[in-house]
Protein chains: 2
Amino acid sequence: MRKAQYTMQDIANQLGISKSTVSRALKNHPDISQETKDAVNKLAEEMDYQPNSLALSLRHKKSFVIGIIVPEIVHDFFANVISGVQSVAYEEGYNVMICISNESPEQEEVDVKAMYSSRVDGLLISLTKETKKLKHIESIVNKGVPLVMFDRVSENINVSKVITDDFQGAFMATDHLVKQGCKKIVHLSGPDNLSISSLRLNGYKDALSKNNIPVDDNLIIPCPEGTLSEATKTMKSIINSNLEFDGIFANNDVTAIGAMNALKELGKKVPEDISIVGFGDWRLSQLLDPPLSSIEQSGINIGVESAKLLFKQIKEEENDKEFTPITKVVQNNLIERKSSIK
Amino acid sequence: MRKAQYTMQDIANQLGISKSTVSRALKNHPDISQETKDAVNKLAEEMDYQPNSLALSLRHKKSFVIGIIVPEIVHDFFANVISGVQSVAYEEGYNVMICISNESPEQEEVDVKAMYSSRVDGLLISLTKETKKLKHIESIVNKGVPLVMFDRVSENINVSKVITDDFQGAFMATDHLVKQGCKKIVHLSGPDNLSISSLRLNGYKDALSKNNIPVDDNLIIPCPEGTLSEATKTMKSIINSNLEFDGIFANNDVTAIGAMNALKELGKKVPEDISIVGFGDWRLSQLLDPPLSSIEQSGINIGVESAKLLFKQIKEEENDKEFTPITKVVQNNLIERKSSIK
DNA sequence: AAAAATTGCGCAACCGATTGAAAAGTTAGG
DNA sequence: CCTAACTTTTCAATCGGTTGCGCAATTTTT
């Protein structure tokens, strides 16, 4: 029993009126008589009429869709961001179109173009790790599409941005370890080319200095891949090298977990012998044994803030106001769990 | 330096030709002279012209967008499904619009309507846990929109479906435990109202029977919430009740982890004393200590299969062929890790 | 050189809604 | 009974592309 897809014209034809009357009737326009409105609404209901928003978008030059491009989706952080964005978008009556760049700059370019082709009313984007050229971003910004970058942002373009305070997060993590009595804190650092790595490293160093603990470069150990096996391997070799330490601040949770597994395997106790704090607070972290302390980067918050900023911008552009890009820094929270409490 | 949004008419005006010529020139239509084509292409490039796909969609009654509605996105399984869907969609030249119903049937209804309003060319959907009425689904199906349900499907509607073989997965998990020498296997079961719970329970029972082990109802312990705390609490009370058992097959990974943590806390060794297998193979499972054996429900596969089925249907409808709904069952894999290997 | 074929391009309708302005239709006032 | 003043409805343009058809201008054929 397949129904057709009805249009206003169909309703108009059946009632012997014009489609403009139908349009106004459905919108409860005062010009239309109650009688006509009732008839139109009744028939629309019967036909299960639903408006074609493509036509609307074309007419109004407004699609009520915002786009979001993320490098990955199987990732708690980005999934949370999307979730936050969605909640704001729903409230504003917008739909969300999602593209996944898969960490590929080429895909990212294609995605941005597709988003523009669909005439999204605004775009949220977190760059791939490899993105160097920003022509595609400039192009869409020049066309007047409101754009907000989040988390993985670029300094080379003047748009609104929402980032987390990596420095502050690292500072809190390290400071917490010191407060727990740690004197020699290892930092498992991330890849050099990402600014978040250096920010976290600096936060670590600053926290030590503020606590009058000298920074020892031997305690700063690179784990650029950020994989479990790398961390496990690295940690084992550190332990075997007899380096003395009593705490670990890892660049991310996976690294922390790898380190923790290595420690346990070699008979070290967490947190009694070594306290550990990670970064990112993946969902799994609280499920570990012992549960891992971590810096919570609230993806939801970032999503919400980014979306809010985007809608603010969309509204100002609609009113032809000048919009000056803003950078919003979202603070992180330290989630204290057993892995760091002595 | 804000550029405007140019249309074909703008190009036509600048070159003193008509927009139909521009349209054909850009599509490399044979009717147009090379000279004109070159001029058009050059100007289009300069203006950074990008077509408005809303207009295209309206004209062709085809949006080149497919929709997907998931109950959650901060969830490895659904994130993987989306990822699989995206990859197929990209190949087909389609964009993906995602809605998150947040386990709310009301939201789901709104989402389906929004998808139809946007005139998606097809829709993928996994129902919320609470969805009872299917009017919204029937409505969009009746309008001729190809639709495929995945994972959380309903038996009360005749559409294509992609599901995992929960029975088979549970069977494999249980059989594996038996092969490892377990004689008394506890099943931590899921909520009664979901068919996946009963399928998994039946798989468990069947595996025992096939191995000539009697099913003992005392060993079937409900963990309907599927939360960590519930599982931990439940497991502790079981141990304290002195119930004898040497293996656990949990309805999902979180439950398995909760149980594992409880066991370790009460001095039981995994896998030596008790072997454990979970279900779902969350990303975290391999990071645990010991890594958790689990049934991998390949979200990516389900996404890929669902999308393929959808595109098949889209193509057949385009050719006015009759399409008979298909149900595709995707097999699960047992991922053997330390938690179950004696 | 006239007729036929080919080439290159423009006109106008169309997709499905919105909306200002014009045109009916209705009622009231003089 | 005529006109002004409403009320209600229709017309037609518009959004940005696509496309069948027609029409010149040019080239080829006879």
Side-chain angles (χ1 to χ4, degrees), chain A residues 4-41 43-44 47-65 113-114 116-121 143-144 318, chain B residues 4-41 43-44 47-65 113-114 116-121 143-144 318:
Chain A
Q5 305 198 5
Y6 293 109
T7 69
M8 286 194 168
Q9 190 65 64
D10 296 319
I11 298 182
N13 290 343
Q14 283 219 22
L15 294 176
I17 57 180
S18 78
K19 67 173 176 179
S20 17
T21 304
V22 174
S23 171
R24 282 187 251 257
L26 287 172
K27 300 182 71 185
N28 204 22
H29 191 287
D31 272 6
I32 306 298
S33 69
Q34 195 55 48
E35 214 177 348
T36 309
K37 281 181 190 168
D38 290 345
V40 169
N41 282 317
L43 188 57
M47 286 181 161
D48 196 17
Y49 166 79
Q50 271 165 250
N52 183 331
S53 44
L54 295 172
L56 274 173
S57 303
L58 183 60
R59 173 72 220 243
H60 291 308
K61 293 176 158 245
K62 186 154 170 40
S63 61
F64 282 97
V65 172
K113 280 196 182 166
Y116 176 69
S117 260
S118 302
R119 295 299 187 271
V120 292
D121 293 337
K143 293 201 170 67
E318 274 172 5
Chain B
Q5 305 198 7
Y6 293 108
T7 68
M8 286 193 168
Q9 190 65 64
D10 296 319
I11 298 181
N13 290 343
Q14 284 218 22
L15 294 176
I17 57 179
S18 78
K19 67 172 178 178
S20 18
T21 304
V22 174
S23 170
R24 283 187 256 253
L26 287 173
K27 302 182 70 183
N28 204 20
H29 192 285
D31 271 8
I32 307 299
S33 69
Q34 195 56 47
E35 215 177 348
T36 308
K37 282 180 189 169
D38 290 344
V40 169
N41 283 316
L43 188 57
M47 287 182 161
D48 195 19
Y49 167 79
Q50 272 166 250
N52 183 331
S53 45
L54 295 174
L56 273 172
S57 303
L58 184 60
R59 176 69 222 239
H60 290 309
K61 293 175 159 245
K62 184 155 170 43
S63 61
F64 281 98
V65 173
K113 279 196 182 165
Y116 176 68
S117 261
S118 301
R119 295 299 188 270
V120 292
D121 293 337
K143 292 201 170 67
E318 274 171 4

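A note on names: the letters A, B, ... follow the listed sequences, proteins ahead of strands, and every chain is numbered from 1.
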As a test of reading the structure: which of dT19(D), dA17(C), dG16(D) is closest to the side chain of Arg24(B), going by heavy atoms? dT19(D)

Which distance, rounded to the nearest 0.5 Å, do you find between the CZ of Arg24(B) and the NE2 of His29(B)? 5.5 Å

Between Pro51(A) and Ser117(B), what is the shortest heavy-atom contact and its length? O-OG, 3.1 Å

Between Leu26(B) and Asn41(B) the two heavy atoms that sit nearest each other are CD2-OD1, 3.5 Å

Separation of atom CD in Gln9(A) from atom C1' in dC14(C), rounded to whole Å: 12 Å

Short of 4.0 Å, heavy atom to strand atom, which residues of residues 12-23 of chain A count as contacting DNA chain D? Gly16(A), Ile17(A), Ser18(A), Ser20(A), Thr21(A)

Over how many whole Å does the gap from Lys62(B) atom NZ to dT18(D) atom C1' extend? 16 Å

Taking Ser23(A) for the side chain and Lys19(A) for the main chain, is one N or O donor matched with an acceptor at less than 3.5 Å? no

Met8(A) has an atom CE; how far is it from atom C1' of dT19(C), in whole Å? 12 Å

I need the NE2-P distance between His29(A) and dA21(C), as an integer number of Å. 13 Å

Closer to the 5' end of DNA chain C via nearest nucleotide, is it Lys37(B) or Lys61(B)? Lys37(B)

Output yes when at least one side-chain N/O atom of Thr36(B) is less than 4.0 Å from OP1 or OP2 of dG8(C), else no. no

Lys37(A) NZ: over 12 foreign heavy atoms closer than 6.0 Å: yes

For dA17(C), does OP1 or OP2 lie under 4.0 Å from any side-chain N or O of Lys27(A)? no

Dot-bracket for DNA chain D, 5' to 3', Watson-Crick and G-U pairs with both distances under 3.5 Å, [ ] for crossing pairs, | for partner on another strand, reads ||||||||||||||||||||||||||||||

Could you check how far CZ of Arg59(B) sits from C1' of dT14(D), rounded to whole Å? 16 Å

Between Lys143(A) and Asp48(B), what is the shortest heavy-atom contact and its length? NZ-OD2, 2.6 Å

Are a donor atom and an acceptor atom from the side chains of Gln34(A) and Asp38(A) found within less than 3.5 Å of each other? yes

In whole angstrom, give the distance that lies between atom CD of Glu35(A) and atom P of dT26(C). 12 Å

Can you tell me if the side-chain N/O atoms of Tyr49(A) get under 4.0 Å from OP1 or OP2 in dG16(C)? no

Between the side chains of Gln9(B) and Asn13(B), does any donor sit under 3.5 Å from an acceptor? yes

Separation of Met47(A) CE from Gln14(A) CD (nearest 0.5 Å): 3.5 Å

Counting side-chain heavy atoms from C-beta on, which of dT19(C), dG16(D), dT9(D) comes nearest to Ser33(A)? dT9(D)

Rounded to the nearest 0.5 Å, how far apart are OG of Ser63(B) and CG of Leu58(B)? 11.0 Å

What nucleic acid atoms does Asn52(A) come within less than 4.0 Å of, heavy atoms only: base, sugar-phosphate, or nothing? sugar-phosphate

Grab the CD1-C1' distance between Ile11(B) and dG16(D) for me, whole Å please. 12 Å

Within this structure, what is the CG-to-P distance between Asp31(B) and dG22(D), rounded to whole angstrom? 15 Å

